[in-house]
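Note sheet for the following structure.
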Amino acid sequence: MRIRKGVSVASRMRCQPLLTLLLAGWVLVACTQPADEGLVTGGTEQEFFASLEAMTPKMSQHEREGLAWAASDLDLAAIHARYPGGSPRQIIRGEVKDVLDTYPAKIEALQKQADVDAPMRVELGKIVAREARFSIEKNFFGLQPEIKAVVTNGSSHPVSRLRWRALLYINGADTPVAESILADDYREQGGFNPGERFRTTLRVGFVRGDESWSTLEIRNASDRRVVLEPVLDSILDHGERPYLAEDPAPHIERMKAAIEAAKVYSDI
């Protein structure tokens, strides 16, 4: 499922940096209905932005922000396909209508799936890593960050492979300075079965270590703490099948935020 429209106006605008610069850089100047002037959508990007540049100084700040939001996940081809020769107002209204008309049903469907998956998520959450220790070793290629931990399958489900979300904290801080997703494969050991415990070693970075985990700040830290969290929708059974579909929660939150933003721009 394609989830569009990010959480905030600022974060959405980063998706289209050139469009954002044009829309955000103009000073508000009063004029009559500039948002109804058609854009050149069927030509080159230069032609499109030239037509946009000609009208954006005359648009209100609210209209410029609305267009930045509406176009945040659209390239020129998509704009032309949906709104050939369309005006900023047509683009904004079209995207507002699409979000308000379709997102509630999508959220409902995703929420139903989340409710169905909830018991399995609780059960797979019993797969844990403890006694995690972080070190930086040296090999032929340079510095190699490593994590060693004792992993326990406290669930009732056998596992062939999974991924861990690794977070590194230093000097007692509450915010991690490094984060990675690391693969863990138990097939050569006959699987990771209910009740079993293993000592596992996870290398951060393939062959040459991930340099974001071996900065001078990290190497010189007085205290280093690493946390491993199982990525639940990455856990595979012995037949290499996932127990869960992708977690719908982030998609639901993004769509809820998009609905609220669409309401803000629905007056354009």
Side-chain angles (χ1 to χ4, degrees), residues 113-251 253:
Q113 184 61 49
D115 293 341
V116 170
D117 290 344
M120 180 62 77
R121 289 189 175 277
V122 171
E123 186 65 18
L124 293 179
K126 298 175 183 178
I127 298 172
V128 297
R130 296 189 174 92
E131 300 176 30
R133 296 182 179 180
F134 174 72
S135 64
I136 300 175
E137 309 297 332
K138 286 187 178 181
N139 61 22
F140 179 80
F141 297 98
L143 298 177
Q144 176 66 67
E146 286 187 350
I147 300 170
K148 295 184 178 181
V150 176
V151 296
T152 303
N153 186 352
S155 79
S156 57
H157 300 287
V159 175
S160 61
R161 290 183 289 160
L162 72 134
R163 295 196 299 270
W164 299 96
R165 177 176 289 102
L167 304 105
L168 178 64
Y169 301 83
I170 62 173
N171 302 329
D174 295 328
T175 302
V177 294
E179 180 176 345
S180 292
I181 301 296
L182 307 176
D184 207 2
D185 193 330
Y186 299 96
R187 288 174 294 181
E188 291 187 1
Q189 300 158 252
F192 187 20
N193 298 305
E196 288 187 330
R197 300 176 70 214
F198 286 112
R199 291 189 178 275
T200 189
T201 299
L202 305 168
R203 291 187 172 184
V204 187
F206 180 69
V207 182
R208 184 177 177 85
D210 186 336
E211 293 182 353
S212 67
W213 282 70
S214 58
T215 64
L216 285 173
E217 179 185 46
I218 293 171
R219 280 183 273 165
N220 293 328
S222 59
D223 172 67
R224 298 186 298 210
R225 177 174 63 92
V226 67
V227 174
L228 294 175
E229 302 171 348
V231 180
L232 299 184
D233 50 30
S234 76
I235 299 175
L236 306 182
D237 67 13
H238 281 188
E240 303 291 302
R241 295 175 295 265
Y243 286 105
L244 292 165
E246 182 182 2
D247 186 1
H251 300 313
E253 291 308 309

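A distance-only check finds no donor-acceptor pair linking the side chain of N171 to the backbone of A173 [under 3.5 Å]. Under a 3.5 Å cut-off, the side chain of S155 and the backbone N or O of H157 do form a donor-acceptor pair. Checked by atom type and distance alone, the side chain of S160 never pairs as donor or acceptor with a backbone atom of G191 at under 3.5 Å. Checking side-chain atoms of R197 against main-chain N and O of T152 turns up no donor-acceptor pair under 3.5 Å.
When all heavy atoms are compared, the tightest approach of A132 to A149 is CA-CB, 3.9 Å. The two atoms that bring P158 and Y243 nearest to each other are O-OH, 2.5 Å, heavy atoms only. Considering every non-hydrogen atom in both W213 and S180, the closest pair reads NE1-OG, 2.9 Å. Looking at every heavy atom in both residues, P145 comes nearest to S214 through CG-CB, 4.3 Å.
You'll find the side chain of L228 stays beyond 4.5 Å of the side chain of R165, heavy atoms only. Side-chain contact check for D184 versus F192: every heavy-atom pair is 4.5 Å or farther apart. At least one side-chain heavy atom of Y186 sits under 4.5 Å from a side-chain heavy atom of V151. A 4.5 Å side-chain heavy-atom check between N193 and H238 finds at least one atom pair inside the cut-off. You'll find the side chain of K148 stays beyond 4.5 Å of the side chain of R199, heavy atoms only. Under the 4.5 Å side-chain criterion, counting only non-hydrogen atoms from C-beta, I218 is in contact with R224. With a 4.5 Å cut-off on side-chain heavy atoms, P242 and L244 do not count as touching. Taking 4.5 Å as the limit, every side-chain heavy atom of L168 sits out of range of all side-chain heavy atoms of P176.
The CG atom of N153 sits 9.5 Å away from atom CZ of F198, with the distance rounded to the nearest 0.5 Å. The structure places CD1 of I136 at 7.5 Å from OG1 of T215, a figure rounded to the nearest 0.5 Å. Atom OG1 of T200 sits about 7.5 Å away from atom CD of Q189, to the nearest 0.5 Å. Residue I170 holds its CD1 atom at 11.0 Å from OG1 of T175, rounded to the nearest 0.5 Å. Distance check: L167 CG to R225 CZ gives 9.0 Å after rounding to the nearest 0.5 Å. Expressed to the nearest 0.5 Å, how far CZ of R163 lies from CG of L202 amounts to 13.0 Å.
Applying the side-chain hydrogen bond (donor to acceptor under 3.5 Å, both in side chains) criterion to D233, with sequence neighbours excluded, gives no partner residue.
Surrounding CD of E211 are at most 12 heavy atoms belonging to other residues, nucleotides or ligands under 6.0 Å away.
For the side chain to side chain contact (heavy atoms under 4.5 Å, CB included) with L124, the lone residue among I235, V159, V231, L162 that qualifies is I235.
For residues 121-134, the set of pairs meeting the side-chain hydrogen bond (donor to acceptor under 3.5 Å, both in side chains) definition, not counting sequence neighbours, comprises E123-K126, E123-S156.
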